[in-house]
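Model, not experiment: these values are computed from the prediction. Only this structure's heavy atoms are used, side chains among them; waters, hydrogens and symmetry mates stay out.
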Amino acid sequence: CVSDEQYFSRAERGCVDCPTRGRFGILAAVVFALAGTAFLVYRTLARIEAWGRFGDRATHWLNLIEARVGVQPKFKLLISFYQVAATLGPVYGV
């Protein structure tokens with residue numbers, strides 16, 4: 001291919017435009033929104049005393065999960081999954 005913004009696709013049997021960076025931005029926004037929602041749900045469950053036994057159980061369960069597995073390993077796993085998934089289409093034509 002002549003242009004730097006194209007690559008050769010065996011599936012298309014010719015030059016194809018490279019994917020835009022907007023795709024990464026959309027995925028980053030979705031991940032950020034999910035992480036924010038999970039954090040807000042966790043904080044809400046941790047502070048609600050009116051839920052009685054269920055609130056106590058949920059708070060205890062979430063505290064155990066937080067103590068055993070931190071947020072950073074989960075974030076690294078999510079990023080590595082995205083890196084693998086993002087290459088499947090351009091490399092294998094999936």
Side-chain angles (χ1 to χ4, degrees):
C1 298
V2 179
S3 174
D4 288 339
E5 297 175 0
Q6 292 183 333
Y7 67 96
F8 183 78
S9 172
R10 289 184 183 170
E12 298 290 327
R13 296 184 180 170
C15 295
V16 178
D17 291 335
C18 294
T20 62
R21 293 183 186 182
R23 199 165 79 182
F24 176 73
I26 291 171
L27 181 67
V30 168
V31 168
F32 185 75
L34 288 174
T37 302
F39 177 75
L40 289 176
V41 167
Y42 169 75
R43 296 306 293 166
T44 301
L45 286 175
R47 294 178 186 258
I48 292 180
E49 297 174 1
W51 286 29
R53 269 179 77 183
F54 177 74
D56 292 339
R57 285 183 184 176
T59 303
H60 178 69
W61 184 71
L62 290 172
N63 284 333
L64 284 176
I65 290 174
E66 183 184 20
R68 290 181 182 170
V69 180
V71 176
Q72 184 179 4
K74 291 178 186 175
F75 184 70
K76 286 182 179 180
L77 183 64
L78 188 66
I79 294 298
S80 64
F81 175 77
Y82 170 74
Q83 289 173 338
V84 170
T87 60
L88 287 178
V91 173
Y92 297 106
V94 177

(Q) Please determine whether the number of non-hydrogen atoms from other residues, nucleotides or ligands lying under 6.0 Å from atom CZ of Phe8 exceeds 12. (A)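 Atom CZ in Phe8 is crowded, with more than 12 foreign heavy atoms closer than 6.0 Å.
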Q) With Ser9, which residues qualify under side-chain contact (heavy atoms from CB on, under 4.5 Å), at least two apart? A)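 Checked Ser9 against side-chain contact (heavy atoms from CB on, under 4.5 Å); matches are Tyr7, Ala11, Glu12, Val16.
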Q | Cluster companions of Phe75 among Ile, Leu, Val, Met, Phe, Trp, Tyr (side-chain spacing under 4.5 Å) | A |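 Ile79, listed by chain and number.
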